[in-house]
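See below for the structure under consideration.
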Amino acid sequence: MALKPELIEVLACPKCKTGVRVSKNGKSIVCDTCRLVYEIKDDIPVMLIDEAKQVENTEEY
Amino acid sequence: MGFSEAAFNYYISSDHIKGDDLDLIRKNFKNNEFECLLDVATGAGHCAAAVPAKRRCTLDPSIPMLKTAKEKFTLNTPVCAVAEAMPFADNTFDIVTCRIAMHHFKSPDLFFREAKRVLRPLGWMILIDNIVDVEDSYLNVIEYIRDSTHVRSYRLDEILDFAGNDFRLIDYTCLFKKHDFPEWASRLGGEAETLERIENAFKDLPDDIQKELEVEKTYGRISAYTDKKGFFVFRSV
């Protein structure tokens, strides 16, 4: 089961509070501003800054 | 055993499954139906399930807790996050709830600022948490022995300071909650040595503090105690 559209609409990066998007493969949540990638585990977005992956560039996500 | 391992214990816990605080929520909001609820540190979901709302979002740093809430109360919009860094856009919710959890937060002040940010103008916040008074230092030490994630139970004036100018206090009720000691002490699966330390700490309390906490003994063993829960209804300014 994918994340609900109404949840994606209101989700924001816990660090910068700007909007986020679902990654191309649907397995993570991406903040293009902070270049942080948040994992989705068992259909639950893990929006913990300490557990997010810091990437150089978010284009591939 | 930490919170994640104790998710089912929290679901069946007599301290969480029922209570005057849940009755107060139902009574206060029986004629309201909120559009969008956020339950912060939802645990097993008892509070989120008690509030009438069209959409309910649950937030907790523990995935097993969120899964338990989803399974037991059909709370289908879980988000793994902490109260001090909420992953939501501004002005999203019309009610934020938080029940028996703030004493675990590293920064309650930040939690209040985040609640204000994600609430719509004039949004509601229901906060239920331990309240301490003369027993402050004693009970906080015992709570920490039982659970090292316990940060601090606050005094009434401290909680009102956290709310600051961002919230208006609409209603406050002090509730007295009796705890079955063996169940309460072992909920997090502490080892025998820890359980003994907790019991001895209760036995060593000065008489006036034992009286304040209504400590009950059966055949020399601690069988129950009563603490205070503050039930706050705030509205964002």
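Predicted model, so just to flag it, every value in this text is computed and none were measured. Quick note on labels: first sequence line is chain A, next is B, and so on, each numbered from 1.
At a threshold of 4.0 Å, the pair B/Lys67-A/Asp42 counts as salt-bridged, since one of the basic side-chain nitrogens sits closer than that to a carboxylate oxygen. The residues B/Lys54 and A/Glu6 are annotated as not salt-bridged, no charged nitrogen and carboxylate oxygen being separated by less than 4.0 angstrom.
Contact between B/Ala81 and A/Leu48 at its shortest, heavy atoms only, is CA-CD2, 3.7 Å. The heavy-atom pair separating A/Leu11 from B/Pro87 by the smallest distance is CD2-O, 3.2 Å.
To the nearest 0.5 Å, atoms OG1 (B/Thr92) and CG (A/Leu7) are separated by 10.0 Å. For the atom pair B/Cys80 SG and A/Lys41 NZ, the distance stands at 7.5 Å (nearest 0.5 Å).
A 4.5 Å side-chain heavy-atom check between B/Val79 and A/Ile44 finds every atom pair outside the cut-off. Residues B/Met86 and A/Met47 have side chains not in contact (no heavy-atom distance under 4.5 Å, counting atoms from C-beta outward).
Heavy-atom contacts from other residues, nucleotides or ligands closer than 6.0 Å to CZ of B/Arg120 number more than 12. Within a 6.0 Å sphere centred on CD of A/Gln54, other residues, nucleotides and ligands contribute more than 12 heavy atoms. For B/Asp157, the CG atom sits in a packed shell: over 12 heavy atoms of surrounding residues, nucleotides or ligands are nearer than 6.0 Å. Around CZ of B/Arg168, the count of heavy atoms belonging to other residues, nucleotides or ligands within 6.0 Å does not exceed 12. No more than 12 heavy atoms of other residues, nucleotides or ligands sit less than 6.0 Å from atom CD of A/Glu59.
Taking B/Asp39 as the reference, B/Thr42, B/Thr97 meet the side chain to side chain donor-acceptor pair (under 3.5 Å) condition, with sequence neighbours excluded.
Contacts with chain B were tallied for A/Ala12, A/Cys13, A/Gly19; A/Ala12 has the most, counting heavy-atom pairs under 4.5 Å.
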